[in-house]
Amino acid sequence: MAAVIQASRRLRNLLTCRLTARTNLGLSLNLHPLSSFAQDEPSKAAPEEAPGHSYESLRVTSAQKHILHVQLNRPEKRNAMNKAFWREMVVCFNKIAEDADCRAVVISGAGKMFTSGIDFVDMASGLLQPAGDDVARISWHLHSLLSRYQETFSVIEKCPKPVIGAIHGGCIGAGVDLITACDIRYCTQDASFQVKEVDLGLAADVGTLQRLPRVIGNQSLVNELAFTARKMMADEALDCGLVSRVFPDKEVMLDAAFALAAEISSKSPVAVQSTKINLLYSRDHSVTDSLNFMKSWNMSMLQTEDVVKSLQALMEKKELKTITFSKL
């Protein structure tokens with residue numbers, strides 16, 4: 001192990017010299033590629049179900065190397081979120097967070113729309129008819145229940161792997177809570193977004209009111225959407241920053257989402273996951289606190305072999321997808 005560390009340091013020193021040396025010194029280092037194995041090209045075969053991911057409300061497949069595709073999979077119910085969904089999303093993304101093979105995730109909905117939101121037929125007994133008649137105990141139960149429901153989408157944000165939301169058709173109610181926890185959002189031209197909760201007699205309570213203002217940066221628009229439950233169509237969603245791209249149909253959108261995921265997964269997983277963690281920390285803290293957190297983070301992460309590999313690829317004018325980064 002000591003020999004490996006020493007060799008890595010020698011290579012790092014050589015790379016540093018090459019990057020900083022004057023061109024008129026005529027310095028020439030014959031560095032050999034660190035890896036001759038290119039990453040696999042995206043597969044055109046039918047996606048396989050990801051090992052260890054068997055769910056009632058979700059379908060998880062290995063879309064390409066290092067990429068998982070999580071589908072809301074109740075198309076006959078317009079992907080309404082039933083009791084199984086709220087439980088299974090937490091299990092699913094906790095597994096993904098620990099999956100060293102996964103470097104990016106795409107979330108989409110099966111069938112004709114992304115999701116119609118909460119399945120109140122399935123959920124009504126727990127939400128609207130809590131057991132008992134003591135106010136304190138009923139409230140305590142609902143507090144615990146809502147904490148679990150909030151975690152269903154918080155796990156997406158906590159997952160260190162970048163998550164791309166691919167939305168088509170309607171994205172209603174809790175669907176907006178879900179996508180605001182994603183890192184990147186694409187949608188189709190027929191997509192619509194609706195903070196529906198006020199029409200149901202309640203305030204959105206699992207993430208929309210907390211994340212949407214930060215996502216679009218327009219409190220007036222957020223208030224309008226939340227107070228009225230009106231639909232926001234794809235073009236408006238693009239203009240306000242809820243999504244970053246709009247596509248003509250679902251197939252084209254998914255192709256673009258997987259291409260983006262493949263581009264992300266070709267980078268150093270240390271660099272990408274460190275970037276997500278620090279972006280989220282900076283969102284919720286002052287600049288000074290965030291810079292201090294960044295120093296503490298990178299005093300260890302800068303020592304990764306991925307820096308050496310990435311710099312060598314840059315100097316040799318190689319694409320990063322030709323470099324093999326170790327699992328993280």
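Once rounded to the nearest 0.5 Å, the distance linking CD1 of I167 with CE of M253 reads 7.0 Å. Note that CD of E236 is 13.5 Å distant from NZ of K231, once rounded to the nearest 0.5 Å. With values rounded to the nearest 0.5 angstrom, C240 atom SG is found 5.5 Å from L221 atom CG. Between atom CG of residue D101 and atom NZ of residue K65 there is a gap of 9.0 Å, rounded to the nearest 0.5 Å.
With hydrogens and angles disregarded, no donor-acceptor distance shorter than 3.5 Å links the side chain of T304 to the backbone of V307. When atom types are taken as modelled, the side chain of S266 and the backbone of E263 share a donor-acceptor pair closer than 3.5 angstrom. Judged purely by atom type and a 3.5 angstrom limit, T228 uses its side chain to pair as donor or acceptor with the backbone of E224. Checking side-chain atoms of H168 against main-chain N and O of T188 turns up no donor-acceptor pair under 3.5 Å. Panel note: side chain R185, backbone I179; a donor-acceptor pair is recorded below 3.5 Å. Checked by atom type and distance alone, the side chain of D306 never pairs as donor or acceptor with a backbone atom of S268 at under 3.5 Å. Using a distance-only test at 3.5 Å, with no hydrogens or angles considered, no donor-acceptor pair links the side chain of Q189 to the main chain of A234. Side chain of K309 to main chain of T324: a donor-acceptor pair is present (N/O by atom type, distance under 3.5 Å, no hydrogens or angles). A donor-acceptor pair under 3.5 Å is absent between the side-chain atoms of S62 and the main chain of Q64, judged by distance alone. Side-chain N or O atoms of D119 include one that pairs as donor or acceptor with a backbone N or O of D122 at under 3.5 Å.
For the pair S310/F325, a side-chain contact is recorded, criterion being any heavy-atom separation below 4.5 Å from C-beta on. Side chains of D284 and R214 form a contact here, defined as non-hydrogen atoms less than 4.5 Å apart. Between E157 and L280, the closest side-chain pair of non-hydrogen atoms falls below 4.5 Å. R230 is listed as a side-chain neighbour of L225, based on a closest heavy-atom distance under 4.5 Å. Side-chain contact between L72 and F85 is present, with at least one heavy-atom pair separated by less than 4.5 Å. When side chains are defined from C-beta on, M89 counts as touching L178, because their heavy atoms get closer than 4.5 Å. By the 4.5 Å heavy-atom criterion applied to side chains, I118 and W86 are counted as neighbours. Within the 4.5 Å cutoff, side-chain heavy atoms of V163 are placed close to those of F93.
By the criterion of side-chain heavy atoms lying less than 4.5 angstrom apart, applied directly or through intervening Ile, Leu, Val, Met, Phe, Trp or Tyr residues, V106 is not grouped with M113; the two fall into different hydrophobic clusters. Tracing side-chain contacts under 4.5 Å through hydrophobic residues (I, L, V, M, F, W, Y), one reaches L145 starting from V90; they form part of the same cluster. Residues L238 and V252 fall into different hydrophobic clusters, defined by Ile, Leu, Val, Met, Phe, Trp and Tyr side chains chained together at heavy-atom separations under 4.5 Å. Note on V272 and I184: same hydrophobic cluster, where clusters join Ile, Leu, Val, Met, Phe, Trp and Tyr whose side-chain heavy atoms are under 4.5 Å apart, directly or indirectly.
Around atom CZ of R137, no more than 12 heavy atoms belonging to other residues, nucleotides or ligands sit under 6.0 Å away. The neighbour count for W297 CH2, taken as heavy atoms of other residues, nucleotides or ligands under 6.0 Å away, is above 12. Around atom CD of E251, no more than 12 heavy atoms belonging to other residues, nucleotides or ligands sit under 6.0 Å away.
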Original post:
Run the side-chain hydrogen bond (donor to acceptor under 3.5 Å, both in side chains) check on E49 and T61 step by step: do they pass?
Top reply: CA-CA 4 Å; E49 186 169 298; T61 55; over 6 Å; no
Original post:
Are F247 and C187 close enough, and set up right, to give a side chain to side chain contact (heavy atoms under 4.5 Å, CB included), and what steps lead you there?
Top reply: CA-CA 6 Å; F247 298 88; C187 79; over 6 Å; no
**OP:** Test R87 against E151 for salt bridge (charged side-chain N to carboxylate O under 4.0 Å, His left out), laying out the working first.
**Re:** CA-CA 9 Å; R87 179 182 68 253; E151 185 65 10; over 6 Å; no
Subject >> Pair E56-R74, salt bridge (charged side-chain N to carboxylate O under 4.0 Å, His left out): steps then yes or no >> reply: CA-CA 9 Å; E56 175 188 326; R74 300 183 74 214; 5.6 Å; no
Original post:
Between E305 and S326, does a side chain to side chain contact (heavy atoms under 4.5 Å, CB included) hold up when you go through it step by step?
Top reply: CA-CA 9 Å; E305 64 180 10; S326 301; 2.8 Å; yes
**OP:** Walk me through it: do N278 and F293 pass the test side chain to side chain contact (heavy atoms under 4.5 Å, CB included)?
**Re:** CA-CA 8 Å; N278 278 275; F293 182 82; 3.2 Å; yes
Subject >> CA sep, side-chain torsions, deciding dist, call: K112, E76, salt bridge (charged side-chain N to carboxylate O under 4.0 Å, His left out) >> reply: CA-CA 9 Å; K112 296 181 178 181; E76 73 286 354; over 6 Å; no
**OP:** Could you walk me through whether Q273 and L328 pass the side chain to side chain contact (heavy atoms under 4.5 Å, CB included) test, one step at a time?
**Re:** CA-CA 9 Å; Q273 294 180 42; L328 181 63; 3.8 Å; yes
Original post:
What do the steps show when you test R59 against S54 for side-chain hydrogen bond (donor to acceptor under 3.5 Å, both in side chains), and what is the final call?
Top reply: CA-CA 7 Å; R59 182 169 184 258; S54 180; over 6 Å; no
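L209 belongs to no hydrophobic cluster, as no Ile, Leu, Val, Met, Phe, Trp or Tyr side chain comes under 4.5 Å of its own.
A side-chain donor-acceptor contact under 3.5 Å links R148 and S144. The closest side-chain donor-acceptor pair between N79 and T115, if any, does not fall under 3.5 angstrom. Residues S220 and N218 bring no donor and acceptor atom of their side chains to less than 3.5 Å of each other. Looking only at atom types and distance, the side chain of S108 has a donor-acceptor partner in the side chain of H69 under 3.5 Å away. No hydrogens or angles considered: a donor-acceptor pair under 3.5 Å links the side chains of D177 and T208. Between the side chains of E98 and N94, not a single donor N or O lies within less than 3.5 Å of an accepting N or O.
Across D183, I96, V60, I264, a single residue satisfies side chain to side chain contact (heavy atoms under 4.5 Å, CB included) together with V105, and that is I96.
Of all non-hydrogen atoms in I156 and A181, the two that sit nearest each other are CG2-O, 3.5 Å. Between A166 and L254, the closest heavy-atom pair is CB-CD2, 3.9 Å. Between C159 and K276 the shortest heavy-atom distance is O-NZ, 2.6 Å. In terms of heavy atoms, P160 sits closest to I277 at CB-CD1, 4.5 Å. In terms of heavy atoms, Q219 sits closest to P213 at OE1-CB, 3.6 Å. Of all the heavy atoms in G52 and K95, the pair that sits closest is O-NZ, 2.5 Å.
Remark: D99 does not engage K161 in a salt bridge, criterion side-chain N to carboxylate O under 4.0 Å.
Ring orientation note: the planes of H285 and Y281 are close to parallel, at an angle under 30° on the 30°/60° scale.
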Quick one: side chains of residues 191-202, donor-acceptor pairs under 3.5 Å with protein atoms, not counting sequence neighbours, listed by atom name and distance.
from: Q194; atom 1: NE2; to: A229; atom 2: O; distance (Å): 2.7
from: K196; atom 1: NZ; to: D199; atom 2: OD2; distance (Å): 3.2

